[in-house]
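Okay, so here's the structure we're looking at.
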Amino acid sequence: MTSVNHPVAGLAGFAGLAAEQKSQDVTDWAARIGWVVGLLLVIALVYWLMREGWKWRGTLQGDLPELPQAPSEPGDPRLAHPSPATTLKGNEPLRLSGRYHGSTTAGQWLDRIVAHGLGTRSRVELTLADQGVSVVRPGAQDFFIPAAQLRGARLDKGIAGKVLAEGGLLVITWQLGEKLIDSGFRSDHAADHPAWVDALTTSDSDQNNPSNQNNPSNQTEGAER
């Protein structure tokens, strides 16, 4: 004789499936929590390794001399040359407000230098004067690049792992002790970068041109001052 499914039996089976599904959901949540905890531990480990690597790199760069500080009299500020392509105005000091993106060994954009706070990214104010470039960094260590230690400037797109648009970075090459350094800056008005490259390149040429140092007219002018 064929048995007929009773409605009560069907409801009981449905309730059993619901209870099993509910139990399965609880098990899934436990697994997810385990995955989240494991992921957080991995992130913490990576952060710790990066921090230790930063300290180790700073120890290796401990032979770098202290950063130069701005002299009490940095000299007359260099004046900006007016240009329709920039926000600079003529007969005003050449200044830059923007961000400092880091420093590396010259020509090696991933070989970051972290000693003496050079690895700390920050806001920055640059001023070019006769004696060199003043680098003021709110919340980080200020420094000064003497004119005699300037080795040039260029437009680039990346430094210390930071990649920007082509020409979006002003890179100043300078000497600290025995090491050549590239320092990267980005102005709030990137169109002003070429004016800085021109001014710094001219400054570097004047410093390294023996004819300017031996020119009698320059010596006379210096004596008159």
Side-chain angles (χ1 to χ4, degrees), residues 61 64 67-68 70 74-75 77-90 92-137 140-212:
Q61 297 169 355
L64 282 177
L67 297 177
R78 295 290 182 91
L79 300 181
H81 297 288
S83 170
T86 75
T87 62
L88 300 174
K89 298 179 181 179
E92 289 187 358
L94 189 58
R95 292 194 174 97
L96 178 152
S97 294
R99 292 199 63 84
Y100 167 78
H101 284 292
S103 294
T104 66
T105 300
Q108 302 180 35
W109 78 288
L110 289 176
D111 187 15
R112 177 179 292 181
I113 295 176
V114 302
H116 308 311
L118 287 175
T120 303
R121 290 174 178 162
S122 65
R123 290 289 301 174
V124 72
E125 297 283 339
L126 296 184
T127 303
L128 179 60
D130 287 341
Q131 298 297 318
V133 181
S134 174
V135 184
V136 177
R137 301 193 295 157
Q141 184 175 353
D142 302 339
F143 61 97
F144 186 79
I145 305 176
Q149 293 173 223
L150 285 170
R151 296 295 179 266
R154 69 180 187 276
L155 299 181
D156 213 323
K157 64 179 180 179
I159 194 168
K162 180 71 175 180
V163 179
L164 301 169
E166 188 69 41
L169 200 67
L170 169 66
V171 177
I172 300 177
T173 303
W174 57 292
Q175 184 118 19
L176 180 60
E178 299 297 321
K179 196 173 190 68
L180 270 182
I181 294 176
D182 281 343
S183 293
F185 307 89
R186 178 173 175 81
S187 172
D188 292 334
H189 305 283
D192 297 345
H193 290 170
W196 274 84
V197 172
D198 291 342
L200 290 169
T201 302
T202 301
S203 176
D204 177 48
S205 299
D206 291 343
Q207 288 292 326
N208 295 307
N209 190 344
S211 63
N212 289 341

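Since this is a predicted model, take the numbers as computed values, not measurements.
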| field | For Gly75 against Ala129, the heavy-atom pair lying closest together | value | O-CB, 3.9 Å

| request: Taking all non-hydrogen atoms of both residues into account, name the closest pair between Ala106 and Thr173 and its distance. | output: CB-CG2, 4.3 Å

| field | Point-to-point distance, once rounded to the nearest 0.5 Å, from CG of Leu96 to OG1 of Thr127 | value | 9.0 Å

| request: Please collect all side-chain hydrogen bond (donor to acceptor under 3.5 Å, both in side chains) contacts where either partner lies in residues 154-168, sequence neighbours excluded, each pair once. | output: Arg154-Asp156, Arg154-Asp182

| query | Between CD of Gln141 and NE2 of His116, what distance do you get to the nearest 0.5 Å? | reply | 8.0 Å

| said: I need the minimum non-hydrogen distance between Thr120 and Ala140, along with the two atoms involved. | reply: CG2-CB, 4.4 Å

| message | If you compare all heavy atoms of Ala199 against all heavy atoms of Leu128, which two are closest, and at what distance to 0.1 Å? | response | CB-CD2, 3.7 Å

| query | Taking the side chain from His193 and the backbone from Ser187, do they hold a donor-acceptor pair closer than 3.5 Å? | reply | yes

| remark: Between the CG atom in Leu118 and the CZ atom in Arg112, the distance rounded to the nearest 0.5 Å is 11.5 Å

| Does Asp192 come within less than 4.0 Å of Arg95, counting only side-chain N to carboxylate O? | no

| field | side-chain contact (heavy atoms from CB on, under 4.5 Å) partner of Leu126, the single match among Val133, Leu94, Ile145, Val136 | value | Val133

| Does Pro68 reach the side chain of Leu176, with side-chain heavy atoms less than 4.5 Å apart? | yes

| task | Please round to the nearest 0.5 Å and tell me the distance separating atom CZ of Arg99 and atom CZ of Arg123. | result | 6.5 Å

| task | Compare every heavy atom of Ile159 with every heavy atom of Gly102, then report the nearest pair and how far apart it is. | result | O-CD1, 3.8 Å

| Heavy-atom donor-acceptor pair, Arg186 side chain to Gly168 backbone, under 3.5 Å | yes

| query | Between OG1 of Thr105 and CD1 of Ile113, what distance do you get to the nearest 0.5 Å? | reply | 4.5 Å

| Parallel, tilted or perpendicular for Phe185 and Tyr100, by the 30°/60° rule? | tilted

| Do any N or O atoms from the side chain of Gln149 and from the backbone of Arg151 form a donor-acceptor pair under 3.5 angstrom? | no

| Tell me, do Leu200 and Trp174 make a side-chain contact under 4.5 Å, heavy atoms counted? | no

| task | Could I get the full list of ring-ring contact (aromatic ring centres under 6.0 Å, His included) partners for Phe144, not counting sequence neighbours? | result | none

| field | Reported CG-to-CD1 distance for the pair Leu67 and Ile181, which is rounded to 0.5 angstrom | value | 7.5 Å

